[in-house]
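Labels below follow one simple rule: chain letters A, B, ... track the order of the sequence lines, proteins then strands, and each chain is numbered from 1. Hydrogens, waters and symmetry mates are skipped; everything else that's a heavy atom, side chains included, is used.
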Amino acid sequence: MRYLPLTDVDRSAMLGDIGAPSIEDLFRDVPVAARRARLFDLPLHAGELEVERHLSALAARNIAAGSVPSFLGAGAYRHHVPAAVDHLIQRSEFLTSYTPYQPEISQGTLQYLFEFQTQVATITGMDVANASMYDGSTACAEAVLMAGRVTKRRRIVLSGGLHPHYRDVVKTMTGSAGFTVDVAAADVFGEEDLAASIDKTTACVVVQYPSFFGHVRDYATLSAQCRDNGALLIVAVTEIVSLGALKPPGDMGADIVVAEGQSLGNGLNFGGPYLGLFTACTQYVRQMPGRLCGETVDADGKRGYVLTLSTREQHIRREKATSNICTNSGLCALAFCIHLTLLGGDGFGKLAAINHANAVMLADRLSGVKGVSVINRTFFNEFTVRLRSPAAPIVETLAARRILAGVPISRVYPERADLADLLLVAATEVTTTADMEALVGGLKEGV
Amino acid sequence: MAMSRDGRPTIPRNSSVAGMPAPTFTGHRGLQLEEPLIFEQGQPGRSGVDLPDPPKVEHRMGTSVRTRPIELPGLAEPQVVRHFVRLSQKNYSIDANLYPLGSCTMKHNPRLNEKMARLPGFGDIHPLQPITTVQGALALIDEVAHWLKTLSGMPAVAMSPGAGAHGELCGLMAIRAAHVARGDARRRVLVPDSAHGTNPATAALCNYEVDGVPANKRGRIDLAALKAKLGGDVAAIMLTNPNTCGLFEDQILEVADAIHGVGGFFYCDGANFNALVGRVRPGDLGIDTMHINLHKTFSTPHGGGGPGAGPVVFSAPLAPFAPLPYVVHGPDGFALKEHDGGQAFGRLKAFHGQMGMFVRALAYMRSHGADGLRQVAEDAVLAANYILAGMRGVIDPTYPGPCMHEVMFDDSSFKSSGVTTLDIAKALIDEGFHPMTIYFPLIVHGAMLIEPTETESKESLDLFIGALRALITRAKARDSAGFQAAPRFAPVRRLDETRAARQPVLRWSPPQPKQAAE
Amino acid sequence: MSTIRYSSEHEWVRVDSDDGTVGITEYAQNQLGDIVYVELPDIGKKLAARDQAAVVESVKAASEVYAPVGGTVVAVNDALGVNPALVNESAEEKGWFFKIKLSNKSDLDALMDDAGYRKFVEGLG
């Protein structure tokens, strides 16, 4: 077995030193009835070539989004990742190290986490960011739980523009913790007004920016309404590239901003692993979930970094911790950090501008197709279109012709028959004019 | 007050090191290169990415357009590459040397796994593509699920949890849902004092009251104390097996009977499943649900702290409550159940789980096969017992062996010399080793938990044993001053964690001008 | 004249008529190591004896501090917010946590005097 260095000679010698008659003897604390003498009914070991053949055959049964015109978004976006990113994150010292619990030999991880925290706080316009969470949806649920701790209230309001998966994760994660969740109806047109649902019992209001249906709204008024009632405003961003072109949520008065960071540095990966971003105002830092990296000095007075404020966390606070999370999305955070470092502030802005321009061009083209209408007046790189018939079968038809046309709203709102004709369409910097023409052509024939 | 632990120094005590070389002009020391933050290196006009000018369009972003500049530095690609390469060189890694962190399972990460995860057919598929275009992905998830069910002897598995702690949440939420469905909501969860902190934190997140159960003198759960705590309001027990002292819970069948006897469920923390894989099925031990850390047992890389993946296996009574989504076999191939899950307790995460980790785990499973996985458990347990034996005459294990995949020592033999467990850890760094897990579990004073894993050669184990024997011998000889100066050969020396916590600096800020401009 | 009493949980309370000042003992601060943060109760909070009143944090541990006597919190030591190290430097003087208006002076009967606490600590080894 190529991954196991011990030989049978080694094993015998080691057993001899231990003074055990057999390996079986080392398992003697296991109840006899539970010791399996025979191998399990699974394939036997295989060489690299055989394993590679098997997995490659499975991979070949999928259509890679990059191999066809693709317009899928809805919380996961295909962007170009510079070659240096994947090279650097595969360096042994990043890929195969553990959580930086021994700071003297983990300064590489700790310093990039410090840089990552600064980058995330900067683009969201917030004071502090943590070292990341599993993904945007779980970060969103953690934000709601944190708002409960800060306000000591248990009623939450979710916008109808929030990604339905995020909504469901929030409901699941808060359900057993005794929260009441008010969910606004799907906000297809980006016109909802949540003011009436906010009162002195509201812990927080969660909105998405841009919204699930693509609308871009300024939440400054909503923020003031929250503040007047002692509630927190949580802003969720599922397309982090949008913050290169949009006003940062912190500037609108958000108390907590969470985001999905996949778009920078990370591939689609069929939905995971992704990168949850979590930021807040300084005054709430002790209620934040997850790891935090901080600056300090070593015994010689030299600058260095450590994990800090750990008394919030489960390994110290146990049942009184701010969260049960024990990992971060370390390597995905590194990929994000490298990609954003390569872009710089100017590059990040330019990338966002290209995304938006491509989306505008796509929207204009689609508006010209008979039977297709664009719903959004505002959007960043994603918007909703109405077709003349249910979107899902059309998407299937186009997929058979190797065009990934977008996400039918029915995929996430199956209970809303009235939304079946809606299709969510995204364009990024990888979308070409030829891709747009392919979609236009497909819809002309298919609608 | 309830003092949860005795103090240990978090401000470096001794800063003078005899024999340290004079500082260099650059601050570099040979291959150890100093590296400023990216924010201290940027220049306007520099970028590491060439982008075309955006097409000219009238924007549709309403009134929320960004008006202030994005204050991030500009660096060219060579600078960025050099920055992150230099940072990487300040990290320890399993690729470089043995990484004996108990309870963490730092084993070799095969590169085949990385190669497979990057196939465009896995790495470049969108989670909401039409199901017909991702049949291979669903087949892969189904195959990983089959391996996990077979290896655990359990009939169902939830694949979506993002890591071990998320898996714990999944397991406890299913337990809560099962009790609620019976009209028998319960309020207490029993957690041994030796448990990972995630266990009580998870139980609290599910609104359960956490009730501790002590360990007995043999480092196992105290069965009598457990039985005394049982009652009709107990929802579950959360037990780690092998436990956090590296021991198999030899009364586990009695534990299972006891908890089932009061209508509760048995949650097993599967962090240490790597000691059992291919040899012992949790399903044969009376366990109802268990998370499996793919980044431990199945070698997906730890990546400096994540991402992980924590699928959860279920017994038949809990299976109906598993969360959405899950893969089903339909008439036209695989399908994905995303809605209307019947008794499913909800959704834990957007999309379908840590696909990138499933690919890596399957490459690992297929490479080892049923025979190789069994050998994994055996070699892991052999290596830990070899270290236990190798320390004879210098330090005794906290509990007599045999241990499972990790061995526990403590500070009782050298405490009186003034040397602490922390000192031993830092001195190991100078010997070229990552320290073992220290001060965990909390029930053992000055704990040192060592997990070598099955991917170390005998020569590598011998060198580690030699180094640790020398250090413990020195500690007993009362060389506390020498220990306090360690580490001397790391990129930085002991860090002032007290200062970091008292005056938190959590992001870089531009240097402030001496006087405000206003 | 004030009386000082100690709990077996290492809190001290100095009492003048109905007014008590509460902190943790020199022994406790020494055991905890460098204190980095103290979470104090709200003024006006009513506490029964042995209720959790505060949390004291070192880098690696968070410890609950209980009210040695019952009553109403009337003041807290804001200086600890700026300088938690006061607890290490002066646990039984400048590093006090909060002042409490005692609701029942008989709570003091359950506590130890100076000599008793000293003996108790010696017994901890």
Ring-plane angle category for A/Tyr98 and B/His302, please: parallel below 30°, perpendicular beyond 60°, tilted otherwise. tilted
By a 4.5 Å heavy-atom criterion (distance strictly below it), what part of B/Arg118 contacts chain A: side chain, backbone, both, or neither? side chain
So which part of A/Asn328 gets closer than 4.5 Å to some heavy atom of chain B, the side chain, the backbone, both or neither? both
Hey, does the side chain of B/Thr133 reach the backbone of A/Ile63 with a donor-acceptor pair shorter than 3.5 angstrom? no
Cation-pi check, B/Arg279 to A/Phe27: give yes when NZ or CZ is under 6.0 Å from the six-membered ring centre and within 45° of the ring axis, no otherwise. yes
Decide, yes or no, whether a salt bridge links A/Lys247 with A/Asp218 under the criterion of side-chain N to carboxylate O below 4.0 Å. yes
Given that the side chain runs from C-beta out, which part of A/Ala76 has a heavy atom under 4.5 Å from chain B: side chain, backbone, both or neither? both
For chain B, find which of A/Asn269, A/Leu6, A/Thr378 contributes the most heavy-atom pairs closer than 4.5 angstrom. A/Asn269
Given heavy-atom pairs under 4.5 angstrom as the criterion, report whether the side chain, backbone, both or neither of B/Leu151 touches chain A. both
Part of B/Leu205 within contact of chain A (heavy atom distance under 4.5 Å): both
Count the heavy-atom pairs under 4.5 Å between each of A/Leu246, A/Ile338, A/Leu343 and chain B, then report the option with the highest count. A/Leu246
Scanning both residues in full, the closest heavy-atom pair of B/Ser93 with A/Ser92 reads CB-O, 3.5 Å
Is B/Lys426 salt-bridged to A/Glu104, going by a charged N under 4.0 Å from an acidic O? yes
What part of B/Ile38 is in contact with chain A, defined as an atom under 4.5 angstrom from a non-hydrogen atom: side chain, backbone, both or neither? both
Measure A/Tyr166 against the heavy atoms of chain B and call it side chain, backbone, both or neither at under 4.5 Å. side chain
Could you tell me which portion of A/Cys293 (side chain, backbone, both or neither) has an atom closer than 4.5 angstrom to a non-hydrogen atom of chain B? backbone
Examine whether an atom of B/Ala203 lies under 4.5 Å from a heavy atom of chain A, and if so say whether it belongs to the side chain, the backbone or both; otherwise answer neither. neither
Atom group of A/Leu95 that falls short of 4.5 Å from chain B, counting heavy atoms: both
Show the numbers, then the answer: is there a side chain to side chain contact (heavy atoms under 4.5 Å, CB included) between A/Glu115 and B/Trp508? CA-CA 7 Å; A/Glu115 294 172 338; B/Trp508 177 82; over 6 Å; no
Are A/Arg291 and A/Thr327 close enough that a side-chain donor and a side-chain acceptor fall under 3.5 Å? no
Honestly, the part of A/Arg377 sitting under 4.5 Å from a heavy atom of chain B is backbone
As an exercise, state the distance from CH2 of B/Trp147 to CZ of A/Phe40, rounded to the nearest 0.5 Å. 11.5 Å
State whether a side-chain donor-acceptor pair under 3.5 Å links A/Thr122 with B/Glu71. no
Given that the side chain runs from C-beta out, which part of A/Thr308 has a heavy atom under 4.5 Å from chain B: side chain, backbone, both or neither? side chain
Under 4.0 Å between a side-chain nitrogen and a carboxylate oxygen: does that hold for B/Glu378 and B/Arg374? yes
Okay, A/Leu72 and chain B: the region with an atom under 4.5 Å from a heavy atom over there is both
How many angstroms lie between NE2 in A/His315 and CG in A/Asn324, if you round to the nearest 0.5 Å? 13.5 Å
Bottom line for B/Thr67: the part with an atom under 4.5 Å from chain A's heavy atoms is neither
Can you tell which part of A/Ser106 gets under 4.5 Å to a heavy atom of chain B, answering side chain, backbone, both or neither? both
Walk me through whether B/Arg176 and B/Asn207 qualify under side chain to side chain contact (heavy atoms under 4.5 Å, CB included). CA-CA 10 Å; B/Arg176 172 175 279 280; B/Asn207 224 13; 3.8 Å; yes
Is it the case that over 12 heavy atoms from other parts of the model lie below 6.0 angstrom from the CG atom of A/Asp346? no
Of the backbone (N, CA, C, O) and the side chain (C-beta and beyond), which part of A/Arg11 lies under 4.5 Å from a heavy atom of chain B, both, or neither? both
Pick one of side chain, backbone, both or neither for A/Val407, based on which atoms fall under 4.5 Å of a heavy atom in chain B. side chain
Under 4.5 Å from any heavy atom of chain A - which part of B/Leu101: side chain
Chain A contact via B/Ala389 - which portion, at a heavy-atom distance below 4.5 Å: side chain
Please identify, among A/Ser323, A/Gly66, A/Gly178, A/Ala321, the residue contributing the most non-hydrogen atom pairs under 4.5 Å to chain B. A/Gly66
Can you tell which part of B/Leu119 gets under 4.5 Å to a heavy atom of chain A, answering side chain, backbone, both or neither? side chain
Residue, of B/Met357, B/Arg46, B/His196, B/His83, that accumulates the most heavy atom pairs under 4.5 Å with chain A: B/His83
Side chain proximity check, B/Leu324 to B/Asp340, heavy atoms < 4.5 angstrom: no
Does any heavy atom of chain B fall under 4.5 Å from the side chain of A/Asn376, the backbone, both, or neither of them? neither
Ring centroid separation for B/Phe351 and A/Phe270, is it under 6.0 angstrom? no
B/Tyr386, part contacting chain A, at a heavy-atom distance under 4.5 Å: both
Does the plane of the ring in A/Tyr134 sit parallel, tilted or perpendicular to the ring in B/His166? Use 30° and 60° as the thresholds. tilted
Looking at B/Pro323, B/Pro110, B/Ala309, which one has more heavy-atom pairs under 4.5 Å with chain A than the rest? B/Pro110
Applying a strict 4.5 Å limit to non-hydrogen atoms, the region of B/Phe345 in contact with chain A is both
Taking B/Ala204, B/Gly346, B/Pro402 one by one, which has the highest count of heavy-atom pairs under 4.5 Å against chain A? B/Pro402
Presence of salt bridge, A/Glu93 and B/Lys90, under 4.0 angstrom: no
Considering only heavy atoms and a distance below 4.5 Å, find which of B/Val381, B/Asp379, B/Thr202 pairs most often with chain A. B/Asp379
With side chain to side chain contact (heavy atoms under 4.5 Å, CB included) as the test, would you mind laying out the steps for B/Met61 and B/Arg66 before giving the verdict? CA-CA 10 Å; B/Met61 294 182 286; B/Arg66 183 183 262 277; over 6 Å; no
Return the option, out of A/Met14, A/Met1, A/Arg28, with the maximum number of heavy-atom pairs under 4.5 Å with chain B. A/Met14
Under 4.5 Å from any heavy atom of chain A - which part of B/Pro73: backbone
Can you say whether B/Met106 sits under 4.5 Å from chain A via the side chain, the backbone, both, or neither, judging by heavy atoms? side chain
Pick one of side chain, backbone, both or neither for A/Leu404, based on which atoms fall under 4.5 Å of a heavy atom in chain B. side chain
Using non-hydrogen atoms and a 4.5 Å limit, figure out which bit of B/Ala96 sits close to chain A: side chain, backbone, both or neither. neither
Could you label the plane-to-plane angle of the A/Phe94 and A/Tyr112 rings as parallel, tilted or perpendicular, counting under 30° as parallel and over 60° as perpendicular? perpendicular
Before accepting this row, confirm whether a basic side-chain N of the pair A/Arg35/B/Asp284 lies closer than 4.0 Å to the acidic partner's carboxylate O. no
What part of A/Arg217 gets within 4.5 angstrom of chain B, counting heavy atoms only: side chain, backbone, both, or neither? backbone
With chain B as the partner, which of A/Thr96, A/Leu55, A/Asp10, A/Thr118 has the greatest number of non-hydrogen pairs under 4.5 Å? A/Thr96
